[in-house]
Novice: 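I'd like to ask some things about the structure below.
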Amino acid sequence: MQAISYLQTPNNVRPPINLKATDTSRTSKPYIQFPSPIQLRAADAGPWKVLDLCKAYDFPKNLGGGGVIGILELGGGWTQSDLDRFSQLNGMPRIEVTDVSLDGARNSPGGEADAEVLLDIETSAAAYYYATGRVPTIKVFWAENDFNSFEKVVDAAVEADCDVLSISWGADELRWEQGAPGAARSLEAVVQLACEKGLVVFAASGDNSSGDGDAGANVDMPSACPHVIGCGGTRKSRRQETVWGSGLANGQGTGGGFSRIFPTQAWQLNAPQDNGRMVPDVSADAAPATGYLVVINGQETPVGGTSAVAPLYAGLFASFGRKLGFVSPTLWQNPSDFTDIITGSNGSYRADIGPDPCTGLGVPKGSQLAQLFPGGHGSSQSSGNGYAPAVLSTLESYRAPAHAKRTQIPGEALAVNVHSIVQLASHTFTFKENSNTPGRSLEQSVVVNVPAGAGFFTCVPYFTGAFTTPDFAHLTERPLGQFMVAVGLRGNNLVCTVRLTDSNSDDPIFIGVTAIVVFFN
């Protein structure tokens, strides 16, 4: 059996980028769009009731559910009368919402952002209801409109025992780096820690096509964070589905492209390579002309935008059960559970066969996606709070997609014909340490099924660490360059070894290592 190990430095981000001067007068904006009369008059246009859209995407029925939905809001508000009217028009039970105020921000209806808030609540509630027959538990987190609020909301969602978090606010990467240097990297570290505790985070990829409101090609934060599932948009009529976009780089259309901050992610199997994390991961209907019918100010109103896609997925995944955590590798290992969108452009990029920076994997085949998760088989799942187990007895395996041609691990010259791959497996190791031994070595292992006679190679697509508070609850700084990691097979065990070399070794430290092993003939 041949073995090739891939040793990666701990930095999960690319080197700092050279930033142009940019307007920082605004921070994040909601990604919601209203159709024009001309758009609505198109022959194949017409908005969807959310429940009808769920049916069109083959969402499952009669699931046990149990997932708690969190929603981030940086302005606006909701009223119970609007939620009650939406429930009445859609034959649903009453939607009830718990507000969580951070730093004095609160539910404040009466402004333009109300449409965003109501879209998020009503769409996520309807998606969950379609799959379970019940309305979900929804917690809305109110925060000030600044870049640091995203970290606060992610932490608060974990503290409030949420299982999914929907984010429909954002700004392009350049604006984030100019407005709050280091905030993007810091947010990724916080989201990774939240994923370790079971949270799934969805974020809109933006509504200004590949330019994302700035010059050149840009992706949107926070959807660019590797541990966030970026949600792109399509134009779904009753007859066809294409990329949502006019073909202009800064016209109305789905955001998508390649990050300038975060590197290529090895788990994005068969994605185009551009030396950056590709966005989006998944998509659904977002065009205003074929958008969603929601209730705003007492009126059933058609709206669109990738703002709708994040809560649609949040409601669906909440129906799969509790504490699913970092599910992106699972989704990318199962592309057949999405309908590939192969027509259209978002400006700098065109749709193609397979994953692309317009719609990612494509749009959901809901019932097939449900089968990937224990709670998607009709029973509620709960694993409680806290970190995911560091050691598991078995590891799920996946077959490579039949249409794939080859895969490449960043940083290595090795390429393997995917047709010869017999199994892929991945696991996230969690190290928490508060000893006082410089140069100490930490090791964890997990059992894998090694196919007879197979060769293998391993890689580390994720390696994130930070000093923390004594209870390991909050990150305080990243100890980059102060530890090393290696993974490999030892018998039937996937072994991860971390060596800490920091001189300030008495500080509590958290390290998360995602390891992938690929077996091939």
Side-chain angles (χ1 to χ4, degrees), residues 29-37 39-40 45-57 59 69-97 99 107-131 135-136 138-140 164 166-169 202-204 207 231 233-238 244 252 254 283-316 318-319:
K29 61 181 180 180
Y31 288 120
I32 187 169
Q33 299 287 331
F34 293 92
S36 68
Q39 289 175 320
L40 289 175
W48 296 81
K49 282 187 175 293
V50 181
L51 297 179
D52 290 338
L53 186 62
C54 293
K55 181 178 180 180
Y57 283 137
F59 278 22
I69 298 173
I71 299 173
L72 175 149
E73 300 294 356
L74 304 181
W78 60 273
T79 64
Q80 189 63 51
S81 61
D82 278 340
L83 300 186
D84 290 346
R85 179 61 175 160
F86 178 84
S87 294
Q88 179 187 28
L89 290 171
N90 290 274
M92 294 170 50
R94 192 173 200 242
I95 301 170
E96 296 186 349
V97 175
D99 288 318
N107 178 25
S108 302
E112 293 181 359
D114 291 359
E116 176 62 63
V117 176
L118 290 162
L119 172 66
D120 293 343
I121 295 172
E122 293 169 3
T123 300
S124 61
Y128 182 94
Y129 171 76
Y130 185 94
V135 292
I138 297 178
K139 300 180 181 181
V140 179
V164 297
S166 176
I167 301 175
S168 294
W169 297 69
F202 298 92
D207 293 352
C231 298
T234 65
R235 186 186 190 279
K236 181 176 178 59
S237 71
R238 272 65 176 175
W244 171 42
Q252 197 181 77
T254 181
S283 292
D285 184 43
T290 61
Y292 300 59
L293 284 172
V294 296
V295 173
I296 303 169
N297 294 328
Q299 300 296 317
E300 193 169 51
T301 305
V303 298
T306 54
S307 273
V309 183
L312 185 75
Y313 274 95
L316 175 63
S319 76

Novice: Just wondering, do I296 and V303 contact through their side chains at under 4.5 Å, heavy atoms?
Specialist: yes

Novice: Looking at NZ of K49 and CG of L89, how far apart are the two atoms once the value is rounded to the nearest 0.5 Å?
Specialist: 5.0 Å

Novice: Which atoms form the tightest heavy-atom contact between Q252 and P288, and what is the distance?
Specialist: OE1-CG, 3.5 Å

Novice: Scan side-chain atoms only and decide if D120 and W78 contain a donor-acceptor pair under the 3.5 Å cut-off.
Specialist: no

Novice: Provide the closest heavy-atom pair for S307 versus L119 in the form atom of the first, atom of the second, distance.
Specialist: CB-CD2, 3.9 Å

Novice: Within the structure provided, determine whether L53 and Y130 are in side-chain contact (heavy-atom separation under 4.5 Å).
Specialist: no

Novice: Give, for atom CD of E122 and atom CG of L293, the distance between the pair rounded to the nearest 0.5 Å.
Specialist: 10.5 Å

Novice: Any sub-3.5 Å donor-acceptor pair from W48's side-chain atoms to D285's backbone N or O?
Specialist: no

Novice: Could you tell me the separation between the CG atom of D84 and the CD1 atom of I95, rounded to the nearest 0.5 Å?
Specialist: 8.5 Å

Novice: Ignoring hydrogens and angles, tell me if any N or O in the side chain of D114 forms a donor-acceptor pair with the backbone of G76 under 3.5 Å.
Specialist: no

Novice: Could you check whether any side-chain N or O of N90 sits under 3.5 Å from a backbone N or O of F86, counting only pairs where one atom can act as donor and the other as acceptor?
Specialist: yes

Novice: Tell me the closest heavy-atom pair linking G75 and V117, and the distance in Å.
Specialist: O-CG2, 3.4 Å

Novice: With a 3.5 Å distance limit and no angle check, can you tell me whether Y128 reaches the backbone of A314 through a side-chain donor-acceptor pair?
Specialist: no

Novice: When you measure from the side chain of S81 to the backbone of T79, do you find a donor-acceptor pair of N or O atoms at a distance under 3.5 Å?
Specialist: no

Novice: For residues G298 and R85, report the shortest heavy-atom separation together with the two atoms involved.
Specialist: O-CG, 4.1 Å

Novice: If you round to the nearest 0.5 Å, how far is CZ of F202 from OG of S168?
Specialist: 12.0 Å

Novice: What are the two closest heavy atoms between L83 and I121, and how far apart are they?
Specialist: CD2-CG2, 3.8 Å

